[in-house]
Participant: 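Handing you a structure now.
Only this structure's heavy atoms are used, side chains among them; waters, hydrogens and symmetry mates stay out. Model, not experiment: these values are computed from the prediction.
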Amino acid sequence: MNEETQVAEPTEASTTPSETTFDWKNEIPEEVKGNRVFETHKNLGSLLKSHAHQQALIGADKIPVPGNDASDEQWNEVYTRMGKPTEATEYKLDVKMPEGQKADEGLLNWFRGTAHKAGLNNRQAQAMLNEYQKATADQTNQGSVAAEQLTNDGRTQIMKEYGAAFEDKVKVGNAAIAKFNAADLTQLQLADGRTLGDHPDFIRAFVGVGDFIQGQIGEDSLDGEKTSGGMTPEVVRAKLAELKRVNGPFWNRSDPEHEWTVSEALRLQEMLTPSE
């Protein structure tokens, strides 16, 4: 009897496929395989969590952003959904003013209209108003300091120019201002923050008017306090020059007026010393 070759039937172990590692990225469809969103996920669990989160947001009240070619109406719809009031008068703004001052309603209405035109909601409009008021206050403070400095510089300049006659010149100038009812004119605000009455040129002008009235028309025609007779540096220099003229008593010790001339010259020189 011939031995027949027997073929062993496959066992259960031999039919079980070998285990392989699952790579979820291999399952990404070709049309979205290059999308970078997948690069942020290290495993399938991370991707699934992200997907679940995005699905939850789909039901939220979201506002689509119009494209570059969107119309004003489309943008206005977005602004309205973000809280823009129907009318500019509906803005409820908290206006903080310094003590004793009131808000300029005309300017405030302009601000409301501009905020409404820009599509701002009440929160945004309030924030803009706060920043505007802060910037304005800072600018005002800087302007006040600068104006005060200019006023002080102008006064110092005039004091040096008039010397011992400063108080007299101020009286003459004020009397001239009163005579021509120009007090209101002195309070005009200049662009640099000073009042017109603090400007050296204005002071010189009315002092000149007062001097002219006193010298040409008569002192009695100019109301105001009487002057003390103080001299300006210019007048003092002229008198000094006269006292020290060549061949005058100042240079001649034998002249009877020598001592007085020297004494007067020293007095006049002392009047000039503080300002020169």
Participant: If only side-chain N and O atoms count, and only distance matters, is there a donor-acceptor pair under 3.5 Å linking D153 with Q157?
Facilitator: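 Result is no, nothing qualifies.
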Participant: Less than 4.0 Å between a side-chain N and a carboxylate O, is that true for R155 and D198?
Facilitator: no
Participant: Side-chain heavy atoms under 4.5 angstrom apart, residues restricted to Ile, Leu, Val, Met, Phe, Trp, Tyr: same cluster for L93 and Y132?
Facilitator: yes
Participant: Report, as yes or no, whether the 6.0 Å neighbourhood of atom CH2 on W24 holds more than 12 heavy atoms from other residues, nucleotides or ligands.
Facilitator: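 It does: W24 CH2 has more than 12 such atoms within range.
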Participant: Between E77 and T80, is the side-chain contact (heavy atoms from CB on, under 4.5 Å) condition met? List the steps.
Facilitator: CA-CA 5 Å; E77 182 181 349; T80 300; 5.7 Å; no
Participant: Which pair of heavy atoms, one from G197 and one from I203, lies closest together, and at what distance?
Facilitator: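 Heavy-atom minimum between the residues: O-CG1, 3.6 Å.
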Participant: Quick check for you: to the nearest 0.5 Å, what is the distance between K117 atom NZ and Y79 atom OH?
Facilitator: 12.5 Å
Participant: Could you work out, with side-chain hydrogen bond (donor to acceptor under 3.5 Å, both in side chains) as the rule, every residue matching D201, not counting sequence neighbours?
Facilitator: R204
Participant: Looking only at heavy atoms, what is the nearest atom pair of M82 and N121, with distance?
Facilitator: O-ND2, 3.1 Å
Participant: Less than 4.0 angstrom from a charged side-chain N to a carboxylate O is my criterion; do R245 and E242 meet it?
Facilitator: yes
Participant: Are side-chain heavy atoms of N247 and N252 found at a separation under 4.5 Å?
Facilitator: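 When only atoms from C-beta onward are counted, N252 and N247 do not touch, as no gap falls below 4.5 Å.
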Participant: Are side-chain heavy atoms of Q126 and L129 found at a separation under 4.5 Å?
Facilitator: yes
Participant: Hey, could you give me the CZ/CD distance between R194 and Q189, rounded to the nearest 0.5 Å?
Facilitator: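 R194 atom CZ to Q189 atom CD measures 11.0 Å (nearest 0.5 Å).
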Participant: Taking E131 for its side chain and M128 for its backbone only, find out whether a donor-acceptor pair lies under 3.5 Å.
Facilitator: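 Such a contact is absent between E131 side chain and M128 backbone.
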Participant: Regarding N109 and R112, do their side chains bring together a donor and an acceptor under 3.5 Å, going by distance alone?
Facilitator: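 Yes, side-chain donor-acceptor contact under 3.5 Å.
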Participant: Please round to the nearest 0.5 Å and tell me the distance separating atom CG of L190 and atom OG1 of T195.
Facilitator: 7.0 Å
Participant: If hydrophobic clusters are built from ILVMFWY residues whose side chains come within less than 4.5 Å, do W251 and W260 share one?
Facilitator: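 No: no chain of side-chain contacts under 4.5 Å links W251 to W260.
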Participant: Just jot down the ring pair (Phe, Tyr, Trp, His ring centres under 6.0 Å) partners of F202, sequence neighbours excluded, or say none.
Facilitator: F206
Participant: Between M97 and Q133, does the side-chain contact (heavy atoms from CB on, under 4.5 Å) criterion hold? Intermediate values first, please.
Facilitator: CA-CA 9 Å; M97 297 297 295; Q133 287 193 290; 3.8 Å; yes
Participant: In Å and rounded to the nearest 0.5 Å, what is the CD to NZ distance from E167 to K171?
Facilitator: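 Taking CD in E167 and NZ in K171, the distance rounds to 7.0 Å.
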Participant: Quick one: NZ on K169 to CD1 on I158, what's the gap to the nearest 0.5 Å?
Facilitator: 11.0 Å
Participant: Would you tabulate the side-chain donor-acceptor contacts of residues 83-90 under 3.5 Å, counting partners in other chains and residues two or more places apart, or write 'none'?
Facilitator:
| unit_1 | atom_1 | unit_2 | atom_2 | d |
| --- | --- | --- | --- | --- |
| K84 | NZ | N76 | OD1 | 2.6 |
| K84 | NZ | H116 | O | 3.4 |
| E90 | OE1 | T86 | N | 3.2 |

Participant: Of the non-hydrogen atoms in A103 and V95, which two are nearest, and what is the gap between them?
Facilitator: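 Taking A103 first and V95 second, the nearest heavy atoms are CB-CG1, 3.9 Å.
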Participant: Nearest 0.5 Å please: distance from the CZ atom of R237 over to the CD atom of Q269.
Facilitator: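 Going from CZ on R237 over to CD on Q269, the span is 9.5 Å.
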Participant: With a 4.5 Å heavy-atom cut-off, do F180 and V209 have their side chains touching?
Facilitator: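 A side-chain contact under 4.5 Å exists here.
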Participant: Kindly indicate, with the supporting measurements, whether the criterion side-chain contact (heavy atoms from CB on, under 4.5 Å) is fulfilled by D168 and Y162.
Facilitator: CA-CA 9 Å; D168 285 348; Y162 290 150; over 6 Å; no
Participant: Might you point out which heavy atoms bring A125 and A115 nearest each other, and give the distance in Å?
Facilitator: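 Taking every non-hydrogen atom into account, CB-CB, 4.1 Å.
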Participant: Any donor-acceptor pair under 3.5 Å linking the side chain of S46 with the backbone of N43?
Facilitator: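 Checked: no pair found.
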Participant: Can you confirm whether K25 is buried at NZ, in the sense that more than 12 heavy atoms of other residues, nucleotides or ligands lie under 6.0 Å from that atom?
Facilitator: yes
Participant: Please walk me through it: do D104 and L108 pass side-chain contact (heavy atoms from CB on, under 4.5 Å)?
Facilitator: CA-CA 6 Å; D104 185 333; L108 195 54; over 6 Å; no
